[in-house]
Amino acid sequence: MLVRLGYVAMSVVVKNASPSKTMTYATFSKLGDQEAALRKLERISAENIANTLRLLKHNRAHDIEMYRCSSKLIPLLGHDGLGDWDPIERLSDAFAELGQYAKSHRMRISFHPDHFTVLSTPREEVLKHSRADLERHVRMLEAMGLDKSAKCNIHVGGTYGNKETARARFIRNFQSLSERIRERITLENDDKTFNALETLEIAEEVGVPMVLDIHHDAVNPSAQSADELWPRIQRTWEGCCRQAEQDSGSEPAALPPKIHVSSPKSEKDPRGHADYIELPPLMAFLRAIAPSTPRLDIMLEAKMKDDALVKLMEALRGEEGVSIRSQASFEL
DNA sequence: ACCTGTCAAGTCTGG
DNA sequence: CCAGACTTGACAGGT
């Protein structure tokens, strides 16, 4: 099994390269000149995209081929107080350059819209915002020129005291999205509400790949263990990007399944994310699925970001059966 | 230079 | 029914 590692949004190694600089709405409102305020927001956006490109270059130097973009690239985008302001088009050159760099180095890029994108919501306003947020994330991926293998990962959402109706509402709302949006979505099991089995059943029903989070599964387990569910989870990834394979031309490779990995912050806060990754539980899962899994991509969700990736690779050197392939990948 | 409180968002809980 | 907790990185404003 060939395993690649990636990290989320910001680096603790590269300094002054935040992809999430912002401006609060309070500050925006206090600025007298609206036009100037919007220009400032667009300048921050351009800096965030430029910093993201710097991070991709850093990633390349460290053989990191997987990266999740910050969902805060464009501050206040979608905020009610900004009307229909949307600079994605005006930033298209910067987005295109970013995507071109990712593509030319075969990097897997994703988004994870915030928890406020909830398709299970009973509130019409929330659904409207969620649709718009998904639309914007997809437009950013399109502006980068990335094919359907670049996904937006979301959760099923809240349960509102009745998981069954929430599930039905999610499915109905999901199916009302355009195909263009639907084919960009992956579904992740939650640490409080929809567990791995419940998320898998929904992913199967609506036909999207499932991202298994093994930390969420540990704190919010389902009737079956992650190992047991894995063959079904793996199947949700099969053929999900056939078109993308054709588009990529000479090298038709299936999109590997992706999992999220983090470790509990403490006994007091088991759902929180620790600075680094604890190897033993991860190794147990990897050894269980390795025989049936040719490729796997792991998104690390540790506080120490890319430093946690480096430390994990160091720890892997001592593991039996592991052969290091690069600074950010190994075979098991 | 550093510290503390606030911000965004939607859901959920406690009172 | 409403206020506060939750989460996260970064702003905002104070010293």
Between [X] and [N], is there a contact of a side-chain N or O with OP1 or OP2 at under 4.0 Å?
{"X": "T22(A)", "N": "dC11(C)", "result": "no"}
{"X": "T24(A)", "N": "dC11(C)", "result": "no"}
{"X": "Y160(A)", "N": "dT11(B)", "result": "yes"}
{"X": "R271(A)", "N": "dT7(C)", "result": "yes"}
{"X": "H79(A)", "N": "dA9(B)", "result": "yes"}
{"X": "K303(A)", "N": "dT7(C)", "result": "no"}
{"X": "S70(A)", "N": "dG9(C)", "result": "no"}

Shortest side-chain distance from [X], nucleotide among [options]:
{"X": "K30(A)", "options": "dA12(C), dC12(B), dG13(C)", "answer": "dG13(C)"}
{"X": "V126(A)", "options": "dT8(C), dA8(B), dT11(B)", "answer": "dT11(B)"}
{"X": "M10(A)", "options": "dG10(B), dA12(C), dA10(C)", "answer": "dA10(C)"}

>> Assess the residue pair L98(A) and L56(A) against the criterion (side-chain contact (heavy atoms from CB on, under 4.5 Å)); give the C-alpha distance rounded to whole Å, side-chain angles, the decisive distance to 0.1 Å, and a yes or no.
In response: CA-CA 8 Å; L98(A) 186 58; L56(A) 291 191; 3.5 Å; yes
>> Under a 3.5 Å cutoff, is there a donor and acceptor pairing between the side chains of H105(A) and R60(A)?
In response: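 Checked: H105(A)/R60(A) side chains pair up, N/O donor to acceptor below 3.5 Å.
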>> At 4.0 Å (heavy atoms only), tell me whether K21(A) reaches a base, stays on the sugar-phosphate, or touches nothing.
In response: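 Here K21(A) touches the backbone only, sparing every base.
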> T117(A) near the nucleic acid: base, sugar-phosphate alone, or nothing, with a heavy-atom cut-off under 4.0 Å?
Replying inline: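 Nothing, no heavy atom under 4.0 Å.
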> Under 4.0 Å between a Lys/Arg side-chain N and an Asp/Glu carboxylate O for K311(A) and E314(A)?
Replying inline: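 Looking at E314(A) together with K311(A), the answer is no, because their closest N to O distance does not fall below 4.0 Å.
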> Would a 4.5 Å heavy-atom cut-off, applied to side chains only, mark R182(A) and V208(A) as touching?
Replying inline: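 They are not in side-chain contact.
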> Between H129(A) (NE2) and dG10(B) (P), how many Å, whole number?
Replying inline: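 Between P of dG10(B) and NE2 of H129(A): 6 Å.
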>> I need the CG-P distance between D191(A) and dT11(B), as an integer number of Å.
In response: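 So the two atoms are 16 Å apart, to the nearest Å.
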> Pick from L312(A), I259(A), I277(A): which one makes a side chain to side chain contact (heavy atoms under 4.5 Å, CB included) with I298(A)?
Replying inline: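 Checked L312(A), I259(A), I277(A) against I298(A); only one passes side chain to side chain contact (heavy atoms under 4.5 Å, CB included): I259(A).
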